[in-house]
There are 2 protein chains.
Amino acid sequence: MTRSSPGCPPTSQALDSDLAARVARSALAADGTVTNRWGFHQWFAEYTAGDWSRVSEIPFSGLVGWRFQKSTGNLVHDSGRFFSIQGLRVRSGQGPIRGWSQPIIVQPEVGVLGILVKEVKGVLHCLMQAKMEPGNHNGIQLSPTVQATRSNYTGVHGGKPVPYLEFFRRPRSHHVLADVLQSEQGSWFHRKRNRNMIVEVSEDVEPLPGFCWLSIGQLYELLRTDDLVNMDARTVLSCLPLAGRGLAGTHAGGGDTFRTALLRSLSEDEATLHTTRHIRSWITDARVRVEIDATLINLDDVQGWQWSADRISHETGLFFDVMAVDVHTGNREVGGWTQPMIHARDLGVVAFLVQRIDGVLHVLVNVKAEPGFVDVVELAPTVQCTPQNYQALPPEAYPPFLDEVLGAPPDSVRFDTTLSEEGGRFFRTRGRYMIVEVAPDRDLAVPDDFCWVTLHQLAQLLQHSHYVNVQARSLTTCLHSLIRQPEGC
Amino acid sequence: MTRSSPGCPPTSQALDSDLAARVARSALAADGTVTNRWGFHQWFAEYTAGDWSRVSEIPFSGLVGWRFQKSTGNLVHDSGRFFSIQGLRVRSGQGPIRGWSQPIIVQPEVGVLGILVKEVKGVLHCLMQAKMEPGNHNGIQLSPTVQATRSNYTGVHGGKPVPYLEFFRRPRSHHVLADVLQSEQGSWFHRKRNRNMIVEVSEDVEPLPGFCWLSIGQLYELLRTDDLVNMDARTVLSCLPLAGRGLAGTHAGGGDTFRTALLRSLSEDEATLHTTRHIRSWITDARVRVEIDATLINLDDVQGWQWSADRISHETGLFFDVMAVDVHTGNREVGGWTQPMIHARDLGVVAFLVQRIDGVLHVLVNVKAEPGFVDVVELAPTVQCTPQNYQALPPEAYPPFLDEVLGAPPDSVRFDTTLSEEGGRFFRTRGRYMIVEVAPDRDLAVPDDFCWVTLHQLAQLLQHSHYVNVQARSLTTCLHSLIRQPEGC
């Protein structure tokens, strides 16, 4: 008797049963079973050297296939697909800034960000892609196996088919490790979500040119290199079921080290400062308490922004610009195109404060409203801001803990790498991603909209939509990477 | 050192540690420690007899404080608060009906549905309220401790303060058992959600007139009475952490009975047909696959509906009507009022098919798009429909499993009670709530949009928003109630 259906087949319970141990083994794998450090860098350097793409800033009048719509001023594609730049009017019931309007990217299509994994000689490996994106200041970064909008894979681009997409369009034929819709930048996107997927295959999969098998541990090492692991790879990796259970034993006799506290934080059996039920209740309360009303308006109707031939900018020169690029490449689905992009000129600061509480590492998260979220608030990093922007804002708006992070003594900084935002929409927009440890004996005053959580609690929330924003997901992956002793790369 | 903050205090870990056992004890409590069966019925009968409220249908012109807005035709309150009746245009990419428009209730405010619980002589008791709602055909039903819209408690009504509300507005001073935003009828409400809360107090709380302490087991018994336990009470009770762990031992030597299979279904340790990870992936896939576009329009612009002096009805006479009532009561926050309501004349059928799979009871859920949902789809009962409506629809639209449910042999029907939809918005709108067991040896063909899940898996999803619709939550409570052997009531 089978009760399976095409919609929901009997699960690969066997593959699931020792999943935690298998993920842990790969996360701790020192060097590649398939690709070693030298081999990776050679491959990546060769691939980068062979990339002939050129990206240049152009005036809006140079856009081909895009136009400012007459009746609305919205910047749209002739096909009506891809994305558009519209206006957003925001009214808030709280905080020092009660209302503003801004340009915003509207992209209703859900894309797929998928990493294909396969066990090779007992170690899970991820099929990663060296991918050129026009916004990357360094051209090529390490990306998921598949990074495709619906327009990509339904052929609106008129380009080549997306390699390996079939594994993610029929995930139920394979072993699914993660499959969840996650939000993207709520300040720049209106209700954008992508499907974050990790799918395990058992059959042989040949890496095409531009693809490379890497262990999770290798990816964790590479995260320490500026602008190498792209945003899409970081968000997908954050959904990986990295559980303390799988890592049990690796901290035997570890004593009171940072790494021991981190491993304990990943475990479901350790004491937490707050129960998960209380954390959910705290989030529910914020969803009800925060009054934010975000309405799409015509781009023509945004206030405080000015238009030039090649930029739409805030009159203060802060926040971000809308601009346009021309892309020539020999290396992507299509040979060349033009498109609008968002450009935040100043470096963002994206940081977690962490602290050992009774020997278990806790992360200070901020429940934050961003106007583009589907469900009002999500958990954000302790600090997520662009310091320069506060020149134009009242002092009450100054971010809590920013000085704490930027003034931290060097020996308390556990992670500090500059990473890029997604290069398909954001032009050379980067953030300094930091993890700063607060001494265990300090009693930090914590405002209402902040809460200490463990990595296991974050992992539980990451299984669902609407809980953890894209910056916090990136940082979660950075924090996971610290389960390895740094080896230099 | 304390790391507590007003936003997220150290949790009542002690109260949480044996919560499963305490909930189980109350669920199995045969008769009230505080209120016995005879006492309850006497109290309820007396309270009903003392209810002087009268509800009469009136023409729209009899509404006081409400009007059809000139420019839109929307039915709105003069204050701009409460709720309004607007239009909704729906376009669907799937199914036999690709587009329609309809009236819809728009109520952006999140209300509180809260049950206060307290341990009395070792048994958790719920403070329930005998509450008149204008839509109840029988006037008074058993309701949560608090059932309040924001307009209620911010005094727009100009009425009396809502009793016990303070426990739910500052839940963090108490022990929170559940606190989650849950959707309501997505066919009749546009993105309506209420905050479902269960809060435990330790101090003495005196029941006011109209309130009564009942054990969970007593509430489960009362669910078998037609139109007694109201919708709000049913949805809040579904969020109760009723876990197999707490019930362990109660099926010792239970053999292969329905009740044993039900208890095993509540346990996290039992084998499930599908892993929870696969079920989440199946839901993610539906959110991406289902194309539904629901846009608010002016009520004037709905097509296929006709206006009379006292009804807005579909031209076929099916689906539902918008109508108006005049309410006189000596028994509510305010003495009398008029309001619009929704009236579905025909009885709905709301049913779970359940089956023992390897001795563990599984529930057949349907991933269903309703135009009012915030996140495209939620899990619905196996059957959720009004059979009469299918007269007007093509045969392909006929609901799967409806005949299976209505034609089930009597000895496979485990639950069959007529229950009311929420009486504050729905006028005498009722459903036949059924649980029907499929023989263990039958191999039912299951379409793509259906899946077998255990009660433990449903409980995990119920801790979050956007997963389980209000009809499925009601039925979950009905199914939970079957952990008791029926005793007659």
Side-chain angles (χ1 to χ4, degrees), chain A residues 1-13 16 110 112 150 171-172 176-181 193 195 197 241 271-282 284-288 355 357 362 367 374-375 441-452 461 463-467, chain B residues 1-13 16 110 112 150 171-172 176-181 193 195 197 241 271-282 284-288 355 357 362 367 374-375 441-452 461 463-467:
Chain A
M1 172 174 74
T2 150
R3 285 183 188 77
S4 67
S5 71
C8 199
T11 45
S12 15
Q13 310 250 5
D16 251 31
V110 174
V112 172
R150 184 180 274 256
R172 278 181 229 89
V176 175
L177 273 64
D179 184 4
V180 57
L181 296 179
R193 298 196 297 170
R195 186 171 180 179
M197 302 180 80
T272 58
L273 186 61
H274 306 292
T275 63
T276 305
R277 182 179 289 127
H278 261 84
I279 292 164
R280 287 196 312 264
S281 175
W282 170 70
T284 299
D285 194 61
R287 291 201 207 283
V288 172
Q355 189 175 35
I357 299 177
H362 282 65
V367 69
V374 170
D375 202 359
D441 56 349
R442 274 189 62 200
D443 191 1
L444 217 59
V446 171
D448 268 18
D449 47 346
F450 287 80
C451 183
W452 290 108
L461 296 175
Q463 297 179 334
H464 309 279
S465 306
H466 311 296
Y467 277 123
Chain B
M1 175 174 71
T2 150
R3 284 183 188 78
S4 68
S5 71
C8 199
T11 44
S12 16
Q13 309 251 5
D16 251 30
V110 173
V112 172
R150 184 181 274 257
R172 280 182 228 88
V176 174
L177 273 63
D179 183 3
V180 58
L181 296 179
R193 298 196 296 171
R195 185 171 181 179
M197 303 179 79
T272 58
L273 187 60
H274 306 292
T275 64
T276 304
R277 181 179 291 127
H278 261 85
I279 291 164
R280 288 196 312 262
S281 176
W282 170 70
T284 299
D285 193 62
R287 292 202 206 283
V288 172
Q355 188 174 35
I357 299 178
H362 282 65
V367 68
V374 170
D375 202 359
D441 57 349
R442 275 189 61 199
D443 191 1
L444 217 59
V446 170
D448 268 19
D449 50 343
F450 287 79
C451 184
W452 289 108
L461 296 174
Q463 296 178 335
H464 310 278
S465 306
H466 311 294
Y467 277 123

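Note that this is a predicted model, so its numbers are computed, not measured. Below, each value reflects all heavy atoms present in this structure, side chains not excepted, and no hydrogens, waters or symmetry copies.
If you measure heavy-atom distances from B:His466 to chain A, the contacts under 4.5 Å come from the side chain alone.
Between B:Thr276 and A:Gln463, every side-chain heavy-atom pair lies at or beyond the 4.5 Å cut-off. Residues A:Thr284 and B:Arg195 are in side-chain contact: their nearest non-hydrogen atoms beyond the backbone lie under 4.5 Å apart.
Note: B:Asp179 leads B:Leu181, B:Asp179, B:Val367 in heavy-atom pairs under 4.5 Å with chain A. Of the listed residues (B:Leu461, B:Val374, B:Asp285), the greatest number of heavy-atom pairs within a distance under 4.5 Å of chain A belongs to B:Asp285.
Here the closest heavy-atom approach between residue A:Leu177 and residue B:Arg277 is recorded as O-NE, 3.2 Å.
Looking at A:Arg280, its side chain never comes within 3.5 Å of a backbone N or O of B:His464 through a donor-acceptor pair.
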